[in-house]
Q: 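Supplied in structure tokens, the structure appears directly below.
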Amino acid sequence: MSPPLLKLGAVLSTVAMISNWMSQTLPSLVGLNTTTRLSTPDTLTQISPKEGWQVYSSAQDPDGRCICTVVAPEQNLCSRDAKSRQLRQLLEKVQNMSQSIEVLNLRTQRDFQYVLKMETQMKGLKAKFRQIEDDRKTLMTKHFQELKEKMDELLPLIPVLEQYKTDAKLITQFKEEIRNLSAVLTGIQEEIGAYDYEELHQRVLSLETRLRDCMKKLTCGKLMKITGPITIKTSGTRFGAWMTDPLASEKNNRVWYMDSYTNNKIVREYKSIADFVSGAESRTYNLPFKWAGTNHVVYNGSLYFNKYQSNIIIRYSFDMGRVLAQRSLEYAGFHNVYPYTWGGFSDIDLMADEIGLWAVYATNQNAGNIVISQLNQDTLEVTKSWSTGYPKRSAGESFMICGTLYVTNSHLTGAKVYYSYSTKTSTYEYTDIPFHNQYFHISMLDYNARDRALYAWNNGHQVLFNVTLFHIIKTEDDT
């Protein structure tokens with residue numbers, strides 16, 4: 001990947017995060033949304049124009065310009081004055097953002113000291129919002145609390161800016177796009193009540209289509225941050241697994257639940273996260289074999305698990321209710337020979353990511369260090385393997401994202417992602433990505449590519465962690 005392409009990825013990643021912040025926070029701040037919606041990770045909230053102004057994410061069009069989409073609410077002549085006032089408030093926020101980008105544009109032409117000053121200004125901005133929060137006569141405390149959290153999420157952008165601080169040209173382009181958005185909002189403010197809503201709606205649909213086409217160019221991302229957790233439910237023993245299918249359709253949100261790491265063959269199925277939380281089972285499966293460990297995975301309608309007291313991998317079809325394939329993982333240790341730090345027969349870890357199905361284990365031939373194998377999802381054959389130098393017994397848990405294995409250094413409090421190995425380049429690096437082990441003991445940690453989240457079993461609590469990935473944008477010259 002060429003240096004200009006890396007710069008483009010960094011800046012567009014920054015653009016996407018700032019735009020996402022605008023879309024989620026500013027409408028709520030000025031009271032444009034009629035309702036506040038909370039969605040679970042298995043659902044996708046649909047926003048309609050009736051609900052208020054929405055500023056969507058930003059991306060690059062074929063001419064190199066950034067695109068921001070705005071969905072306007074349906075006209076209501078009785079509330080025209082109120083909407084005008086709300087638009088003025090939104091316009092002021094956009095103008096403030098434009099001024100911030102101007103400051104950023106100047107400082108990216110300087111050295112590292114100026115990037116540190118930007119961090120100081122962010123902290124000052126947080127202090128100002130804290131002061132405004134006290135004035136409950138004007139705005140609700142809840143909205144400003146959400147805004148402060150978004151500001152905290154911006155702080156990890158600083159090391160990215162340090163790497164790409166010389167790219168003032170692209171930041172200038174984004175500054176111009178902010179100005180363009182400000183001009184559009186000003187025009188709509190002047191014409192509110194007279195603008196052709198249908199025409200605006202068609203323009204928005206066209207822009208959204210172009211945005212989706214641009215977003216398809218996103219390549220796999222590198223893990224930058226883990227936030228959370230969000231506790232979904234408290235149930236079962238200290239050890240277990242729960243999961244959804246990353247290849248399922250958007251309407252298929254089934255959850256599977258496997259309590260304990262041994263002496264069990266019962267898999268419980270729920271139609272949705274909501275049913276899982278309420279305990280409304282839709283079906284149970286009695287597997288033909290007991291499983292070992294908690295490192296199972298559901299992938300494309302099949303359950304993959306390690307057969308108890310063996311290094312045999314089983315593929316079980318939920319739809320057919322039978323075993324479709326089983327295969328021994330050659331030389332893989334089993335039955336607590338090479339488990340994770342917490343034990344529990346966690347020798348063989350099955351997982352899936354954007355690339356496919358994987359097995360992570362250790363062998364005597366690799367001196368007990370981690371081996372990564374890519375599996376054929378139908379036959380369970382090993383298509384390729386990579387030998388790492390990280391001891392399996394020193395790993396708390398691990399998960400795959402975009403062909404890179406991320407390993408935690410512990411299953412207890414203070415755990416962090418400490419090591420990563422890229423199967424694309426066959427290279428490793430030591431990392432320092434902390435995450436909050438809220439309930440002190442993690443016995444399952446798996447990435448779901450559809451939800452862009454980590455599913456975890458934390459001492460009898462089923463929780464989710466959000467992940468932040470650094471993306472690169474493909475261009476026509478990228479082969």
Side-chain angles (χ1 to χ4, degrees), residues 41 216-223 241-250 252 254 256 258 291 293-307 311-320 323-332 346-363 366 370-388 390 392 395 397-407 417 419-428 444-455 467 469-472 474:
K216 289 179 182 178
K217 295 182 179 180
L218 280 176
T219 63
C220 268
K222 178 179 180 181
L223 180 65
W242 72 294
M243 65 214 79
T244 60
D245 190 343
L247 294 187
S249 65
E250 292 184 0
N252 182 354
R254 289 185 293 175
W256 290 273
M258 301 169 69
W291 64 71
T294 59
N295 306 116
H296 333 293
V297 65
V298 174
Y299 189 71
N300 201 21
S302 293
L303 170 67
Y304 298 82
F305 67 96
N306 176 207
K307 183 180 179 182
N311 60 4
I312 296 174
I313 301 172
I314 304 293
R315 178 193 175 198
Y316 178 87
S317 170
F318 285 125
D319 291 337
M320 298 181 183
V323 173
L324 297 184
Q326 55 181 307
R327 185 179 295 272
S328 174
L329 197 57
E330 191 174 19
Y331 304 123
S346 56
D347 305 69
I348 297 175
D349 192 348
L350 301 171
M351 56 189 73
D353 67 356
E354 293 85 350
I355 295 175
L357 186 66
W358 305 85
V360 172
Y361 54 98
T363 64
N366 197 36
I370 289 177
V371 176
I372 307 169
S373 291
Q374 189 169 10
L375 306 178
N376 181 297
Q377 71 177 66
D378 297 322
T379 65
L380 302 179
E381 283 187 280
V382 173
T383 58
K384 189 174 181 179
S385 291
W386 295 260
S387 297
T388 77
Y390 196 93
K392 178 73 161 52
E397 276 289 343
S398 67
F399 53 89
M400 296 287 292
I401 298 179
C402 298
T404 296
L405 179 72
Y406 294 92
V407 182
V417 176
Y419 174 92
S420 67
Y421 186 94
S422 170
T423 59
K424 182 178 180 181
T425 61
S426 298
T427 58
Y428 71 91
M444 170 252 179
L445 187 65
D446 277 330
Y447 173 71
N448 186 294
R450 185 183 75 162
D451 298 336
R452 290 287 175 87
L454 294 174
Y455 283 63
V467 298
L469 304 180
F470 175 72
H471 289 282
I472 304 296
K474 294 179 182 178

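Bear in mind that the values here come from a model prediction, so they are computed numbers and not experimental data.
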Q: Counting only N and O atoms by type, is there a donor-acceptor contact under 3.5 Å from the side chain of N366 to the main-chain atoms of T388?
A: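 Flag set: sc N366 to bb T388 pair under 3.5 Å.
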Q: Donor-acceptor check, side chain of D245 to backbone of N300, threshold 3.5 angstrom: yes or no?
A: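 Yes, the answer is positive, given that a donor and an acceptor are paired below the 3.5 Å cut-off.
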Q: With sequence neighbours left out, what residues match Y421 under ring pair (Phe, Tyr, Trp, His ring centres under 6.0 Å)?
A: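 Testing Y421 for ring pair (Phe, Tyr, Trp, His ring centres under 6.0 Å), a comparison that skips the adjacent residues, returns none.
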Q: Just how far is it from atom OH of Y390 to atom OG of S420, taken to the nearest 0.5 Å?
A: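 Answer for the OH-OG pair, Y390 versus S420, is 11.0 Å.
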Q: Would a 4.5 Å heavy-atom cut-off, applied to side chains only, mark T404 and T423 as touching?
A: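 Heavy-atom side-chain distance check fails, nothing below 4.5 Å.
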Q: Shortest non-hydrogen contact from A332 to I348?
A: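 It is CB-CD1, 4.2 Å.
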Q: In chain order, what residues pass the ring pair (Phe, Tyr, Trp, His ring centres under 6.0 Å) check against W291, with sequence neighbours excluded?
A: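 With sequence neighbours excluded, W291 shows a ring pair (Phe, Tyr, Trp, His ring centres under 6.0 Å) to H296, given in chain and number order.
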Q: Using a 4.5 Å cut-off on heavy atoms from C-beta on, say whether the side chain of L350 contacts that of D446.
A: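 In short, these two side chains do not touch, never coming nearer than 4.5 Å.
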Q: Donor-acceptor pair, N306 side chain versus I312 backbone, under 3.5 Å?
A: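 Yes.
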Q: Return the orientation label for the W256 and F318 ring planes: parallel under 30°, perpendicular over 60°, tilted otherwise.
A: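 Parallel, since the angle between the ring planes stays under 30°.
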Q: Test of understanding: with side chain to side chain contact (heavy atoms under 4.5 Å, CB included), list the residues that count as partners of E354, not counting sequence neighbours.
A: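 Counting only residues at least two positions away or on another chain, E354 forms a side chain to side chain contact (heavy atoms under 4.5 Å, CB included) with C220, I401, C402, Y447, A449, R452.
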Q: Between V297 and W358, is any pair of side-chain heavy atoms under 4.5 Å apart?
A: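 They are not in side-chain contact.
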Q: Mind checking ring pair (Phe, Tyr, Trp, His ring centres under 6.0 Å) for Y304 and listing every partner two or more places apart, or none if nothing turns up?
A: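 Once residues adjacent in sequence are excluded, Y304 has no partner under the ring pair (Phe, Tyr, Trp, His ring centres under 6.0 Å) criterion.
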Q: Under the side-chain contact (heavy atoms from CB on, under 4.5 Å) rule, what do Y428 and V407 come out as? Steps first, then yes or no, please.
A: CA-CA 11 Å; Y428 71 91; V407 182; over 6 Å; no
Q: Assess the residue pair R254 and V298 against the criterion (side-chain contact (heavy atoms from CB on, under 4.5 Å)); give the C-alpha distance rounded to whole Å, side-chain angles, the decisive distance to 0.1 Å, and a yes or no.
A: CA-CA 10 Å; R254 289 185 293 175; V298 174; over 6 Å; no
Q: Locate the shortest heavy-atom distance separating K307 from I314; write the atom from each residue and the value.
A: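 Taking every non-hydrogen atom into account, CB-CG1, 4.0 Å.
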Q: What heavy-atom pair brings S346 and K392 nearest, and what distance separates the two atoms?
A: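 Smallest heavy-atom distance, with atoms named: O-NZ, 2.8 Å.
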Q: Side-chain polar contacts of residues 370-378 - donor-acceptor pairs under 3.5 angstrom, sequence neighbours left out - could you list them?
A:
{"residue": "S373", "atom": "OG", "partner": "Y361", "partner atom": "OH", "Å": "2.7"}
{"residue": "S373", "atom": "OG", "partner": "S385", "partner atom": "OG", "Å": "2.6"}
{"residue": "N376", "atom": "OD1", "partner": "D378", "partner atom": "N", "Å": "2.8"}
{"residue": "N376", "atom": "OD1", "partner": "T379", "partner atom": "N", "Å": "3.0"}
{"residue": "N376", "atom": "OD1", "partner": "T379", "partner atom": "OG1", "Å": "3.4"}

Q: Going by ring pair (Phe, Tyr, Trp, His ring centres under 6.0 Å), name the residues that satisfy it together with Y299, two or more places apart in sequence or in a different chain.
A: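 Here no residue qualifies.
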Q: Would you say R327 and V382 make side-chain contact, with heavy atoms under 4.5 Å?
A: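 In short, these two side chains do not touch, never coming nearer than 4.5 Å.
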Q: Atom CG in L329, atom CG in D347: separation rounded to 0.5 Å?
A: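 Reported value, rounded in 0.5 Å steps: 11.0 Å.
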Q: Does the side chain of L324 come within less than 4.5 Å of R315's, by heavy atoms?
A: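 They are in side-chain contact.
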Q: Provide the closest heavy-atom pair for Y455 versus T244 in the form atom of the first, atom of the second, distance.
A: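 Closest approach of Y455 to T244: OH-OG1, 3.0 Å.
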Q: Could you tell me which non-hydrogen atom of S302 sits nearest to which non-hydrogen atom of S317, and how far apart they are?
A: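 Looking at all heavy atoms of both residues, the shortest contact is OG-CA, 4.0 Å.
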Q: So, the side chain of D353 versus the backbone of G403: is there a donor-acceptor pair under 3.5 Å, distance only?
A: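 Yes.
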Q: Show the nearest heavy-atom pair for residues N448 and R450, with the distance to one decimal.
A: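 That would be OD1-N, 3.0 Å.
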Q: Working note: S398 + Y419, criterion side chain to side chain donor-acceptor pair (under 3.5 Å); need CA distance, chi angles, decisive distance, verdict.
A: CA-CA 9 Å; S398 67; Y419 174 92; over 6 Å; no
Q: Set out, in order, the CA-CA distance, both residues' side-chain angles and the distance that settles side-chain contact (heavy atoms from CB on, under 4.5 Å) for E330 and T363, then state yes or no.
A: CA-CA 9 Å; E330 191 174 19; T363 64; over 6 Å; no
